[in-house]
Amino acid sequence: MTDQSTHKLWQFHGGLHPEPHKELSAGRASHDIPLPKKLIIPLQQHIGASAEPVVAVGDKVFKGQPVANPDGYVSAGMHAPTSGTVTEIAEHPLPHPSGLSGLCIVIEPDGEDTWWPDLPEAISNYLEANPADIRQRVREAGIVGLGGAAFPTSVKLNPPATQPVDTLIINAAECEPYITCDDRLMRERPGEIIEGIEIIQHALGIDRVMIGVEDNKPDAIRSLKHKIEELGTSQIEVITVPTIYPTGGEKQLIQILTGKEVPSHGLPSDIGVVCHNVGTAAAVYRAVAHGEPLISRIMTVTGSGVKQPQNLKVLIGTPISHLIEQAEGYTDDAERLIMGGPMMGFAMSSDAIPVIKGTNCILVARADEIEQPGTPMPCIRCGRCTAVCPASLLPQEMYWHARARNFDRIQDFNLFDCIECGCCAAVCPSHIPLVQYYRFAKTEIWSQEQEKKKADHARQRHEFRLERIERDKREKAEKLAQKKAALARKTAAKEGSGDDSKKKAIQEALERAKAKKAQSQKKPANTENLSEAQQRQIDEAEERRKADKTEQAPTEE
Ligand code: SF4
Ligand code: SF4
């Protein structure tokens with residue numbers, strides 16, 4: 001084991017020390033809650049293609065039964081979080097900054113909470129299992145990154161062969177203020193986390209594992225270290241890192257622990273690293289060792305706007321209103337409802353929206369608790385945003401180009417390296433909602449790319465169609481020519497065979513005549529083996545016969 005005192009740490013650029021507010025919920029152990037009246041399961045909860053429903057309205061489903069299958073390699077399936085009836089497959093508002101709606105499967109629980117009898121069997125000897133089987137199990141379980149990004153985990157367990165990875169980093173930093181669900185998970189279920197890490201390690205064939213935990217979670221650090229000692233898994237290091245926001249950013253944590261920087265537009269695998277969230281490791285363990293799909297998670301419901309902040313074991317699809325009830329309801333001065341933390345979360349207009357796999361926190365804040373965005377003022381080019389940017393970007397320049405809708409130019413400033421951490425907006429004296437500008441620019445660029453892809457696709461289809469018509473024409477002409485040629489050959493053959501038969505008949509007639517003639521001149525039978533004397537006798541008799549015949553014949557005279 002290694003800790004902060006023995007492991008060299010590096011620093012990333014910028015960062016902030018916001019008020020942590022973790023004390024509100026950190027002492028509250030996670031616990032189960034009653035079933036909600038309905039569960040709303042969006043088909044798009046992850047990066048990649050939406051899942052495809054495999055149930056219909058009116059179907060009875062069991063807990064853990066697949067209700068939507070992944071549609072493609074980068075996609076994730078959904079499972080019924082409890083037993084019940086599918087009552088609706090329709091559009092519902094999604095938990096997303098855009099506030100847009102999307103297709104959801106709605107399940108009305110029957111209260112029985114009956115597990116699906118066809119759950120996949122546990123892989124008990126998982127450290128000897130084929131890595132491909134582990135990846136398949138993780139895919140079947142619909143596991144995505146639980147740190148918020150929600151990238152399908154099975155894909156991350158299968159890095160390209162051209163980019164060998166040698167380091168696994170488990171992100172347990174939980175740097176965002178207020179959120180304590182990972183802290184609780186590490187304290188309460190360290191065994192699931194460590195065994196999940198071993199499974200991931202085995203699937204990736206990696207020896208070196210580092211768990212990065214911020215130093216404001218001493219109990220979690222102790223709990224993990226104790227479990228590692230107990231299990232004797234010496235390859236896993238728990239490394240305490242300083243509390244600074246956003247240490248939990250994937251690229252930032254990698255830099256702190258390894259000193260390596262993920263290249264611009266690149267991925268951790270480009271530098272031989274794979275990073276998974278600590279909650280994801282526990283979900284992998286449950287899927288592999290127990291056959292359970294991802295149907296629930298621990299999340300924090302906190303803020304001064306709820307009466308009793310909590311950590312709850314929540315079924316995916318539970319409406320936020322149900323979670324607020326478990327936290328004993330809103331306070332009178334509750335003002336803002338945020339999904340996620342105060343830095344990276346987004347405001348929601350309704351508590352009817354469901355939680356999804358990537359939801360780690362619901363924050364209900366009083367008016368004075370989180371600084372309200374003031375009226376935006378012109379940029380004064382103070383440079384504070386640049387000083388705090390952990391991705392070493394130029395937020396002010398990106399802002400100008402986003403504002404001017406200069407989407408080509410903004411990409412020259414590495415817009416897509418922005419992790420939307422909110423540090424720049426938090427320090428901007430002009431109250432410019434910088435992150436909103438970056439999200440807007442990213443969305444516009446993506447939708448322009450989508451439009452371009454669609455147009456390219458339509459053009460390709462049109463070209464294929466023209467090509468197909470031409471090919472059909474060509475093939476028809478070729479077939480016709482072939483038919484004609486065959487017919488001509490047949491006719492010629494027919495004509496040719498007529499001449500031949502005539503010739504043959506003549507030839508046969510000639511041969512018959514010849515044979516007849518030969519027959520008439522033939523010697524009497526059985527003459528072949530006669531002796532000379534016998535032959536002379538015969539000849540003489542013949543001549544006599546001829547002479548007699550001549551004498552008897554009347555003369556012409
Ligand atoms: S912090 Fe705000 S005012 Fe200062 S340079 Fe950045 S955008 Fe402009
Ligand atoms: S939101 Fe983006 S630009 Fe602003 S500080 Fe964070 S990474 Fe930098």
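- Side chain of Arg137 to main chain of Ala287: a donor-acceptor pair is present (N/O by atom type, distance under 3.5 Å, no hydrogens or angles).
- Judged by distance alone, the side chains of Gln201 and Gln235 do bring a donor and an acceptor atom under 3.5 Å apart.
- Remark: His290 pairs with Tyr285 by the ring pair (Phe, Tyr, Trp, His ring centres under 6.0 Å) rule, at least two apart or across chains.
- Separating the CG atom in Leu323 from the SG atom in Cys361 is a distance of 10.5 Å, to the nearest 0.5 Å.
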### Task
Tell me, with the steps shown, if Glu420 and Lys442 meet salt bridge (charged side-chain N to carboxylate O under 4.0 Å, His left out).
CA-CA 11 Å; Glu420 300 177 17; Lys442 286 180 185 176; 2.9 Å; yes
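- More than 12 heavy-atom neighbours from other residues, nucleotides or ligands sit within 6.0 angstrom of CZ on Arg459.
- In this structure, CE in Met78 is found 7.5 Å from CD in Gln44, a value given to the nearest 0.5 Å.
- Paired with Asn311 under the rule side chain to side chain donor-acceptor pair (under 3.5 Å), one option of Asp183, Asp182, Thr300 passes, and it is Thr300.
- Under a 3.5 Å cut-off, the side chain of His92 and the backbone N or O of Ala352 do not form any donor-acceptor pair.
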### Query
Does the pair Lys251 and Asp417 meet the rule for a salt bridge (charged side-chain N to carboxylate O under 4.0 Å, His left out), with working shown?
CA-CA 10 Å; Lys251 293 181 180 179; Asp417 285 346; 3.7 Å; yes
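- Residue Gln436 qualifies as open at atom CD: its count of foreign heavy atoms under 6.0 Å is 12 or below.
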### Message
What verdict does the salt bridge (charged side-chain N to carboxylate O under 4.0 Å, His left out) test give for Asp456 and Lys452, after you've listed the backbone C-alpha separation in whole Å, the side-chain angles of each residue and the deciding distance to 0.1 Å?
### Response
CA-CA 6 Å; Asp456 287 349; Lys452 189 172 172 300; 3.3 Å; yes
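- Applying the side chain to side chain donor-acceptor pair (under 3.5 Å) test between Ser30 and each of Arg189, Lys313, Arg187, Glu188 identifies Glu188 as the sole match.
- Checked against salt bridge (charged side-chain N to carboxylate O under 4.0 Å, His left out), Arg297 has no partners two or more places apart in sequence or in another chain.
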